[in-house]
A.B. asks: 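Sharing a structure with you now.
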Amino acid sequence: MTSGSVTSATARRELLKEVYEQARGCIACQLHETRTQVVFGAGNANADLMFIGEAPGADEDRLGLPFVGRAGKLLDQLLGEIGLDRKDVFIANTLKCRPPSNRDPYPNEIESCSGYLRSQVELIAPKVICTLGNFSTKLLREDSTGISRLHGRDEVRTIGTRAIRLLPLYHPAAALYTPSNLQTLRDDFARIPDLLALDPPPQPAPAIEPAPAIEPAPAIESAAEPGPETQRAPASDGRPEPAPGTEPSPVAGDAQLGLF
Ligand code: URA
């Protein structure tokens, strides 16, 4: 199952790796101080189906991969029940860094990180996005309606330059703790194959100026003016330079991306 966009599979992977390299050195919010590593996302860069969760937890922070803990096992199981596995999909999160003690993401963190997610969506160009839980649903819908009202109802949304079918789902972690949520999640998952079988929705007219594939990361956010340690000249493309000592190694991240 692969996307039919004009971007070639190889070009898409390479561009995605560039975004990953940028994210690896990101210091745009306070989470860079406590993360073990950036959890960029993993899976098939040419997938028609993308899942977007909330934020890495302890296991993800340790291993550098999304959804590798208990919620991830449930996600794998639900994928299997509809005949898919991880090599068919791309899995990312709203935040690329773990919030301490798994607290909820703060608005400034979501805002700081959103450029990476938008670049991922733009490059992967999935036919269907399943948001998992409130944070990714609210971000992509640009609306505060909660997941309990929206789950299982697909709609077409313009995200970046594309119209994409969006299917909000309960977060698997919520289903782990509440059996009735698990059955609801399973029922909603069962809708995915039908959505994937549909033709892509009509696309918006292309902008005169093509949108850049990689959006600039937002400026460093902090309560006060950034101090000299965090204030650095932007790169020529406007994105912040990596923090000293966090410069990505020259070997790009096939391992973390898990590109199949
Ligand atoms: N929960 C998430 O939202 N993302 C992960 O990667 C793991 C748990």
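In listed order, ligands and their atoms are each counted from 1.
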A.B. asks: Relative to each other, are the rings of Phe40 and Tyr20 parallel, tilted or perpendicular (30° and 60° limits)?
C.D. replies: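 Geometry flag for Tyr20 against Phe40: tilted rings.
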
A.B. asks: Inspect the contact between Asp59 and Arg62 and indicate whether a charged nitrogen and a carboxylate oxygen are less than 4.0 angstrom apart.
C.D. replies: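 Between Asp59 and Arg62 there is a salt bridge, with a charged N closer than 4.0 Å to a carboxylate O.
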
A.B. asks: Does this structure show an ion pair linking Glu155 with Arg157, if we count only N-O contacts that are shorter than 4.0 Å?
C.D. replies: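 Yes, this pair counts.
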
A.B. asks: Would a single hydrophobic cluster contain both Phe51 and Leu84, if residues Ile, Leu, Val, Met, Phe, Trp and Tyr are joined by side-chain heavy-atom contacts under 4.5 Å?
C.D. replies: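 Yes, Leu84 connects to Phe51 through the hydrophobic network.
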
A.B. asks: Does the pair Asp76/Arg86 count as a salt bridge with the N-to-O cut at 4.0 Å?
C.D. replies: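 Between Arg86 and Asp76 there is a salt bridge, with a charged N closer than 4.0 Å to a carboxylate O.
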
A.B. asks: As a test of reading the model: which N/O atoms of the protein lie under 3.5 Å from N/O atoms of ligand 1, and at what distance?
C.D. replies:
unit_1, atom_1, unit_2, atom_2, d
ligand 1, 1 (N), His171, NE2, 3.3
ligand 1, 3 (O), Glu54, N, 2.7
ligand 1, 3 (O), Ala55, N, 3.3
ligand 1, 3 (O), Asn93, OD1, 3.3
ligand 1, 3 (O), His171, NE2, 2.7
ligand 1, 4 (N), Ala55, O, 3.1
ligand 1, 4 (N), Asn93, OD1, 2.8
ligand 1, 4 (N), Asn93, ND2, 3.4
ligand 1, 6 (O), Phe67, N, 2.9
ligand 1, 6 (O), Asn93, ND2, 2.9

A.B. asks: Apply ring pair (Phe, Tyr, Trp, His ring centres under 6.0 Å) to the pair Tyr177 and Tyr170, showing each step before the final yes or no.
C.D. replies: CA-CA 12 Å; Tyr177 299 112; Tyr170 278 133; over 10 Å; no

